[in-house]
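Presented below is the structure to which this report refers.
For reference, positions follow the sequence shown, starting with 1. A quick note: this is a predicted structure, and the numbers were derived from the prediction, not measured. Values below: every heavy atom of this structure, side chains too, minus hydrogens, waters and symmetry copies.
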Amino acid sequence: MDLNSASTVVLQVLTQATSQDTAVLKPAEEQLKQWETQPGFYSVLLNIFTNHTLDINVRWLAVLYFKNGIDRYWRRVAPHALSEEEKTTLRAGLITNFNEPINQIATQIAVLIAKVARLDCPRQWPELIPTLIESVKVQDDLRQHRALLTFYHVTKTLASKRLAADRKLFYDLASGIYNFACSLWNHHTDTFLQQVSSGNEAAVLSSLERTLLSLKVLRKLTVNGFVEPHKNMEVMGFLHGIFDRLKQFLECSRSIGTDNVCRDRLEKTIILFTKVLLDFLDQHPFSFTPLIQRSLEFSVSYVFTEVGEGVTFERFIVQCMNLIKMIVKNYAYKPSKNFEDSSPETLEAHKIKMAFFTYPTLTEICRRLVSHYFLLTEEELTMWEEDPEGFNFGNYYFWRALFVIFLIVAVEETGGDSWKYSLRPCTEVLFIDIFHEYNQTLTPVLLEMMQTLQGPTNVEDMNALLIKDAVYNAVGLAAYELFDSVDFDQWFKNQLLPELQVIHNRYKPLRRRVIWLVGQWISVKFKSDLRPMLYEAICNLLQDQDLVVRIETATTLKLTVDDFEFRTDQFLPYLETMFTLLFQLLQQVTECDTKMHVLHVLSCVIERVNMQIRPYVGCLVQYLPLLWKQSEEHNMLRCAILTTLIHLVQGLGADSKNLYPFLLPVIQLSTDVSQPPHVYLLEDGLELWLVTLENSPCVTPELLRIFQNMSPLLELSSENLRTCFKIINGYIFLSSTEFLQTYAVGLCQSFCDLLKEITTEGQVQVLKVVENALKVNPVLGAQMFQPILPCVFRGIIEGERYPVVMSTYLGVMGRVLLQNTSFFSSLLTEMAHKFNQEMDQLLGNMIEMWVDRMDNITQPERRKLSALALLSLLPSDNSVIQDKFCGIINISVEGLHDVMTEDPETGTYKDCMLMSHLEEPKVTEDEEPPTEQDKRKKMLALKDPVHTVSLQQFIYEKLKAQQELLGEQGFQSLMETVDTEIVTQLQEFLHGF
């Protein structure tokens, strides 16, 4: 592509590609796509986006196409890779000028230079770093800033490389430029500190921006640029200097307004200081040891004393708490139980920690956390009143709190709102970690705080109510640590239960907190005898005037029914009331998160009480279709509805058929891979499909029709494949004839495709479907899955090497041989033709392999099936079968050992697998009642030869028939081929016949 002639054409097409008119846009995009692989195209793009006189949108698009081209065509091995000559020209052009006036385009250019650097620096691009260093020294503000921006992105990208050779190159780079990077940062920092008092906001912002960028460079070099950073004086000097710099910047916040760009940049810089410390601690815990004392002193003083008043802000407090937490929890600083086994570095760090965390320090931290940071704020109380659902699900759930903690570390470029509710969960996590680490010291402190709050609290004293709320919060968070120190049962009866009965509106924070507290202790220490009292209280609180209290009560109810010591008999008297109130709560709440939560509670209740829910679910069953329709744009809520339906179907059993008008379309949509929602709904949808089949009393046309979704699901070969096979088996057990006649051809084709590329476990799942089809309907099953059976036969003959697969092969072939003899004969004829062998010879080979691999079969049912199948070949005058007679008898005797049990009174043997009549199993309270599918399997077993034919009787009859066929002398000669020990065992089993 000639640059001069092409520039005008490319510029024109790029201009068209920025159009809002799709008729103009689409052809332009197609043309640009064709040019991507043309030599010279990226040189033209470089000329366009570095020409500042052109339209900004066109230049922006040129940068993006250039950046995408680096990803696709810069590597030497890439298809249509750029030539080395063009890459050399492009590298030189990218760093000729750092004078891009538009911030967004400048950032994109910096990123694309970093992408090239990742691939080429320093080997093919040795001049990059020296050029950047020289450019950040220039006096021109724009060029200096753009060069510094590029320097940061290049450093960040090179630091992220993980191969050993790349790490070595970055170590060398860091050692070479660290001194310069420190000097650069100190220069810009000092400039900023001098300009803060000048009142020139533009100059302050400019120097602060450079301070931030240079600090970002130093962060990457410090954390990722040294193997043993503690041995580098410059690195440790920089890290020790952070604390003084932080103090200076925090003091600057007094003179900078609270609502401007400078303030935002200042706070980001302060946060970046803390991130350097946190990252360094994470990557180099032992190198951090000299910084432990200073870090703890600094963080504790600013967070837990008056030093921080007026200068700290929420994000900074969060970071300081994270620093304390990481030091407290760091495994590198925890000595072994036997101190002599610990490294000197660990012992040194532990000694510093213990020297700092004295009794007065720990006591002050604990009291300050509880009495200051745990208190509900005015803002939170306002939110409670104005947005109760947002209060519950944006602020307090501890599982959510942990999630937020990780988000805090990850998010760098956020506005203030993103941090709005991050402080509370951070304080709670810090409290838990410190209390766990120093529980012997802090338990008496917390118990003393509890003692001062005994008895009711004056509803007019809001401060006292909030203090009690905070202390109860601490007791809940420390529940496991306080197990031996708090008699929670007595405290519940004497203190907490009466507080739940105070109905005054101002007491609602405590009602909510107490029921939350019970939820934290329910699995720690809570007598079973007290549960009826708790259920009574829950029923009352689910009728509380305050929505926040009701939602929290629902959460505690879930924890209660999920608990190991839950007893259905205690719960049943309250079931109707609770279920009704939960349903009313579900209708009342409006937020998607809240509805999901209440649905989850309802699901847990249904799951625990199972069939006993049936009288009370009518209202929910009528409401769910409406909720499903309303949640069309909320797939996570639909997932919660699917989970509820799963438990409903299990609880309703055969009565779930009444739900089919709603249920089956839901399954249809959730499992249709052509519908976008399947990405969210598929797993739960398949589970619902499965339990629907398991509990279906009979097949319906609609239930049969949704199996059309299965073929694409099998093609996905996803982690849901196991559930898909269970569904297929469910249809076979439910209505084998209709199902196989309708879908077996397509299903068989899908199985044949799967068997070519599926794992061993997947092969077994496919074969089990075939085995079940043969078990339910031997004739139709063999006919429908006929294309698969030659593969099974071949696997047996060739001695499949995986035992579990071989076992399943023998199970399938055993069904065919025993229950569909004519089909086996035709299969043998077909395989003899394929193997170019005589039928008798092939049969002999199969029997020989069967006998040889019998030990691969571990299931007693299959072992008995093998014995019955091979015995079914008798009586026979076929010389091959007679030649394998010994093996057949050996397998038969092994089968007898597997299934025969001796009656100690009579001394006779009986087949333990025989089932003569249908017995309804006795279901204990802890067991789930049998599903309709369980009943179908039981009925099927009553027709299965494995469970209806006595192996002992079968062997006797076959041997007697063989004897009659051959005569006494011929039969005796045949028996002489069997080992005498086996004959003796056989006679013992057949004694009495």
Side-chain angles (χ1 to χ4, degrees), residues 528 531 535 557-558 560-576 578-580 582-583 599-621 624 642-660 662-664 666-667 684 686-700 703 722-723 726-727 729-736 772 775-776 861 913 915-944 947:
S528 178
R531 290 195 179 234
Y535 295 148
L557 174 58
K558 177 193 173 298
T560 305
V561 299
D562 273 349
D563 185 53
F564 180 74
E565 294 187 7
F566 174 81
R567 282 171 42 193
T568 307
D569 62 312
Q570 289 181 319
F571 187 73
L572 286 178
Y574 308 94
L575 174 59
E576 181 178 6
M578 285 191 189
F579 198 85
T580 302
L582 282 172
F583 174 67
L599 270 175
H600 190 46
V601 178
L602 280 164
S603 295
C604 290
V605 171
I606 295 168
E607 184 180 17
R608 292 311 296 260
V609 301
N610 207 281
M611 292 189 303
Q612 285 147 321
I613 198 65
R614 292 179 183 180
Y616 316 116
V617 296
C619 55
L620 181 63
V621 167
L624 285 179
L642 288 172
T643 303
T644 304
L645 285 171
I646 289 168
H647 295 307
L648 260 179
V649 170
Q650 290 171 327
L652 292 172
D655 291 344
S656 61
K657 185 181 178 183
N658 298 326
L659 299 181
Y660 283 6
F662 167 55
L663 196 60
L664 300 187
V666 166
I667 296 172
D684 292 319
L686 286 171
E687 189 65 30
L688 178 59
W689 192 355
L690 177 60
V691 299
T692 300
L693 285 169
E694 289 175 340
N695 290 278
S696 177
C698 60
V699 73
T700 67
L703 184 57
R722 183 187 292 271
T723 307
K726 289 181 180 179
I727 289 169
N729 284 319
Y731 275 104
I732 289 172
F733 290 127
L734 179 61
S735 179
S736 62
N772 283 329
K775 184 190 298 185
V776 175
E861 291 86 354
M913 287 193 182
M915 298 171 62
S916 57
H917 61 281
L918 183 62
E919 294 180 359
E920 285 294 335
K922 294 180 180 178
V923 180
T924 66
E925 182 181 326
D926 297 330
E927 293 178 329
E928 293 184 2
T931 64
E932 294 300 304
Q933 182 162 298
D934 293 331
K935 296 174 184 177
R936 286 191 283 272
K937 287 182 178 179
K938 190 87 171 184
M939 293 299 295
L940 178 61
L942 291 173
K943 302 175 184 178
D944 187 350
H947 296 292

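- Closest approach of A654 and P697 over heavy atoms only: O-CD, 3.8 Å.
- Put simply, CG on L652 and NZ on K657 are 14.5 Å apart, with the number rounded to the nearest 0.5 Å.
- In this structure, K938 and M915 have side chains that are in contact, with non-hydrogen atoms separated by less than 4.5 Å.
- Atoms CD1 and CG, on I606 and L620 in that order, are 5.5 Å from each other to the nearest 0.5 Å.
- Looking at T644, V691, T931, L693 one by one, the single match for side chain to side chain contact (heavy atoms under 4.5 Å, CB included) with V649 turns out to be V691.
- Below 30°, between 30° and 60°, or above 60°: for Y535 and Y574 the angle between ring planes is between 30° and 60°, a tilted geometry.
- Rounding to the nearest 0.5 angstrom, the gap separating the CG atom in L645 from the CG atom in L659 is 7.5 Å.
- Closest non-hydrogen pair, Q650 versus N695, comes out as CA-ND2, 4.2 Å.
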Do S696 and Y660 pass the side-chain hydrogen bond (donor to acceptor under 3.5 Å, both in side chains) test, and can you show the C-alpha distance, the side-chain angles, and the key distance before you say yes or no? CA-CA 10 Å; S696 177; Y660 283 6; 3.0 Å; yes

Could you check D562 against K558 for salt bridge (Lys or Arg N to Asp or Glu O under 4.0 Å), going step by step and ending with a plain yes or no? CA-CA 6 Å; D562 273 349; K558 177 193 173 298; 2.7 Å; yes

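- Across all non-hydrogen atoms, the minimal contact from S528 to R567 is OG-NH1, 3.4 Å.
- Contact of the V621 side chain with the F662 side chain is not registered, since no non-hydrogen atoms from C-beta on lie closer than 4.5 Å.
- Residues passing the salt bridge (charged side-chain N to carboxylate O under 4.0 Å, His left out) test with E687: none are found, sequence neighbours excluded.
- M611 is listed as a side-chain neighbour of P929, based on a closest heavy-atom distance under 4.5 Å.
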Before giving the answer on side chain to side chain contact (heavy atoms under 4.5 Å, CB included), spell out for T568 and Q612 the whole-Å C-alpha distance, their side-chain angles and the decisive distance to 0.1 Å. CA-CA 10 Å; T568 307; Q612 285 147 321; 3.6 Å; yes

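- Rounding to the nearest 0.5 angstrom, the gap separating the CG atom in L624 from the CG atom in L648 is 6.5 Å.
- In this structure, the side chain of S736 does not engage the main chain of F733 through any donor-acceptor pair within 3.5 Å.
- Residues R608 and F571 have side chains not in contact (no heavy-atom distance under 4.5 Å, counting atoms from C-beta outward).
- Annotation: side chain of D655 is in contact with side chain of R614 (closest heavy-atom distance under 4.5 Å).
- Taking each heavy atom of C604 and V561 in turn, the nearest pair found is CB-CG2, 4.0 Å.
- With sequence neighbours left out, R531 forms a salt bridge (charged side-chain N to carboxylate O under 4.0 Å, His left out) with D563.
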Go through it in stages, so that I can follow the logic: the residues are T643 and S603, the test is side-chain hydrogen bond (donor to acceptor under 3.5 Å, both in side chains), and I'd like the CA-CA distance, side-chain angles, deciding distance and then a yes or no. CA-CA 7 Å; T643 303; S603 295; 6.0 Å; no

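- Atom NE2 of H947 sits in a crowded spot, with more than 12 heavy atoms from other residues, nucleotides or ligands closer than 6.0 Å.
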